[in-house]
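Sequence lines set the chain letters: A, B, ... in the order given, protein chains first and strands last, and positions in each chain run from 1. The structure presented is a predicted model; accordingly, all values stated were derived computationally and were not measured.
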Amino acid sequence: MARYGMALNYKNCINCRACESACKEENGVLLLKDHYRIWVGVKEAEGQFPNISIASQTYHPSQCQHCDNAPCQQVCPTNATYYGKDGMVMVDPNKCILCTYCINACPYDARYVDQRTMTVDKCTFCSDTRLAAGETTTACQATCPTKVRVFGDLDDPNSEISVLLANKEYRQVKEHLGTKPKLFYIL
Amino acid sequence: MNTISLKKLFNFEKTPLNVVMAFVTVALVAAFFAGAVNYILHGHHAYNVTRQHPWGLLISMYVFFVVSSTGLCIISSIGHVFGIPEFQQIGKRAIAGAIITISSGFAVIGLEIGHPVTMLIYNVLTPGLTSAIWWMGTLYGLYLTFICLEFFFLAIKENHTLSKIFGICGLLVGLAAHSNLGAVFGFLVSRPSANGVFYPVYFILSAMITGCYLIFLMYGFRYKMNFPEKVAIMLVKLGKILGMLLAVLIFFEAWKILTALYGDMPERAATILHAIKHPNFWFGELTLGMLIPFVVILLSNAKAIKATVYASLAGMVGIFFMRYGLVHDTLLYPMTTLKRAEYELAPTFVEYFPSATEFAIGLGGIGLSLFLYYLADKIFNLDETAHH
């Protein structure tokens, strides 16, 4: 069994948001406010004209961190949120009671209420769409023009992501909370 | 238990206070059902909850009701379980109140949980044992069963031994359930302003205070401020207990705020500072909920029963703001992880104001409680019976 994670060369991001569109298209995410599985955050440029630090403006693509120790899974009263195969955090819509406790518990704002199923939805690393069809990439990764994302098996030492993480410095988000996130931002 | 005709059931003395109470009750019950219909038609779209603020007024009102229920159960146990003679007279009235308030709470939360039937099924089939909500919900179900049995053996088929046994069970399970409700917030590692030991302990304390307020209100209404001596003696003692509990609560709150602000810890300090500057806190929660009742009790040495009844009304309004603040303040700080300017808008504190439907259902729940209490008062003899 694999343990999937994603590395992000976020400094390559040009904020085109093709990833957001691809995600919505691939996974049928509705075009409504608050309906997004992934997003691109913008850190505005610092300084005042004319001394603006162009280098300080960066873009931060993000999504569910598929934590190994996921707070959303711990708080779910019916185990609707569960660890799927390959270490991904998944939601069983049949068991979800829409208490939205998981939305409160997620430190990454990665969850939202899907108006189609009226359950709490989240990124699945395209496991029920692309991966189920035999693909090895996620929609956001495949569409990215600057190849920000690298998706793969963290337990396979020869996978592209493992090699990248072994050779590059990276940081994780809010790892001090003990969530063991599986998104890695390459520095 | 009284045998009563339907005509007699809805016949009451037409004093101005009774008429006002009847009007308020009918209006609130109507609001509850109107809100429920709107929710059934439009689902969560009828509410102002969002991805950033997924819990709103209905969760606050659920907490409000279950805090009231647990508080009444704890205060009734002073006489009924622990055997303090002066307090034995409140047993039936308080337990009836506990059943009524938690039932209203369940009615409100039933219209907030998206899939209540799924909850009943999968709470049993695939229980989430690491979830504070699972423990809270399950224990509250058990608690309701115990206090219903306690009331049955207190008011319908009198059996002091059995009522005491179920009273002890209800008290213990209620305390466990209620501290788990605190843990629902306390366990949130994602929310530094709520995370920690404070809420599970504070919930028990604030429940006891709510229970005292409600006893004062129920007895104030029952005796129309002309208290028999036996009741007056009990209420003076209860006032002293309430004063002490309020002092402890003020002490707790002060240290919670100071601890949160000290050191300017990211997320926590800014959130609490924002919360305490809002009138909901300093006027609603602090002035109405704590200071007015505390000052009345302090200045009168708890002997001004009538003033304490009025102060309890202010106190209950304050308790409402406490519950609202509990939910809203927990969700105030935006989870802007790497979303420093999401869609060009700089993140600010999350804003939320309940929709008309949320107000109708949430406050309508109070109408349900008032209506059920009226029925209970008519059908059962809630005053002390001879064998006590």
Side-chain angles (χ1 to χ4, degrees), chain A residues 8 10 17 33-36 39-44 57-63 65 69 71-82 92-113 115 117-120 173-174 176-179 181 183 185, chain B residues 43-45 49-56 59 109 112-138 183-185 187-192 194-195 267 327 330-331 334-347 350:
Chain A
L8 297 104
Y10 74 99
R17 296 181 175 173
K33 183 175 179 284
D34 286 349
H35 276 56
Y36 50 87
W39 60 87
V40 179
V42 178
K43 182 183 173 293
E44 300 289 358
Q57 177 158 15
T58 50
Y59 305 112
H60 295 84
S62 195
Q63 60 205 65
Q65 309 268 334
N69 187 25
C72 59
Q73 196 282 329
Q74 289 171 354
V75 302
C76 182
T78 57
N79 279 317
T81 300
Y82 64 100
D92 181 346
N94 293 321
K95 291 183 187 173
C96 178
I97 64 170
L98 200 58
C99 66
T100 64
Y101 194 17
C102 51
I103 304 182
N104 289 301
C106 173
Y108 305 104
D109 192 19
R111 290 171 155 258
Y112 69 98
V113 179
Q115 300 294 330
T117 56
M118 285 314 289
T119 54
V120 180
V173 184
K174 295 190 181 181
H176 65 280
L177 296 178
T179 53
L183 252 57
Y185 288 83
Chain B
H44 277 94
H45 293 296
V49 290
T50 59
R51 176 176 182 148
Q52 284 75 30
H53 202 292
W55 284 352
I59 297 288
I109 198 77
E112 160 66 26
I113 297 285
H115 305 293
V117 178
T118 309
M119 177 185 76
L120 295 175
I121 297 167
Y122 285 103
N123 251 13
V124 177
L125 293 183
T126 55
L129 298 180
T130 54
S131 169
I133 277 194
W134 186 87
W135 284 101
M136 181 270 293
T138 307
V184 167
F185 295 88
F187 279 171
L188 288 173
V189 292
S190 59
R191 312 280 176 172
N195 187 221
E267 295 190 29
V327 174
T330 298
L331 304 176
M335 293 284 100
T336 52
T337 314
L338 303 182
K339 282 198 253 183
R340 308 215 185 155
E342 183 188 341
Y343 298 100
E344 313 309 329
L345 289 173
V350 178

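Looking only at heavy-atom pairs under 4.5 Å with chain A, the residue among B:Ile109, B:Leu331, B:Thr50, B:Thr126 that has the most is B:Thr126. For the set A:Thr179, A:Val113, A:Asn94, the entry with the most heavy-atom pairs within less than 4.5 Å of chain B is A:Asn94. With chain A as partner, the option from B:Ile133, B:Thr138, B:Ile121 having the largest number of non-hydrogen pairs under 4.5 angstrom is B:Ile133. The candidate with the highest count of non-hydrogen atom pairs below 4.5 Å against chain B, out of A:Ile103, A:Asn104, A:Leu177, is A:Asn104.
Of all heavy-atom pairs spanning A:Cys96 and B:Thr118, the tightest one is O-CG2, 4.1 Å. Between A:Cys99 and B:Trp55, the shortest heavy-atom distance links the atoms O-NE1, 2.8 Å. In plain terms, the two heavy atoms of A:Asp109 and B:Arg51 that are nearest each other are O-NH2, 2.8 Å. Minimum interatomic distance between A:Tyr101 and B:Ala132 (heavy atoms only, all atoms of both residues): OH-CB, 4.1 Å.
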Side chain to side chain contact (heavy atoms under 4.5 Å, CB included) between B:Thr130 and A:Val75, intermediate numbers included: CA-CA 6 Å; B:Thr130 54; A:Val75 302; over 6 Å; no
CA sep, side-chain torsions, deciding dist, call: B:His115, A:Thr119, side chain to side chain contact (heavy atoms under 4.5 Å, CB included): CA-CA 9 Å; B:His115 305 293; A:Thr119 54; 4.2 Å; yes
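For the atom pair CD1 of B:Ile59 and OG1 of A:Thr100, the computed distance is 6.5 Å after rounding to the nearest 0.5 Å. One distance of note links CG of B:Leu120 with CD1 of A:Ile97; it measures 9.0 Å at 0.5 Å rounding.
Within a 6.0 Å radius of CZ in B:Phe187, no more than 12 heavy atoms belonging to other residues, nucleotides or ligands are found.
Neither the backbone nor the side chain of A:Ala80 comes within contact range of chain B; no heavy atoms are under 4.5 Å apart. Neither the backbone nor the side chain of B:Val124 has a heavy atom closer than 4.5 Å to any heavy atom of chain A. A:Cys76 touches chain B through its backbone: at least one of N, CA, C or O sits under 4.5 Å from a heavy atom, while the side chain does not. Contact annotation for B:His45: only side-chain heavy atoms (C-beta onward) come within less than 4.5 Å of a heavy atom of chain A.
No side-chain heavy atom of B:Ile113 sits less than 4.5 Å from a side-chain heavy atom of A:Leu98.
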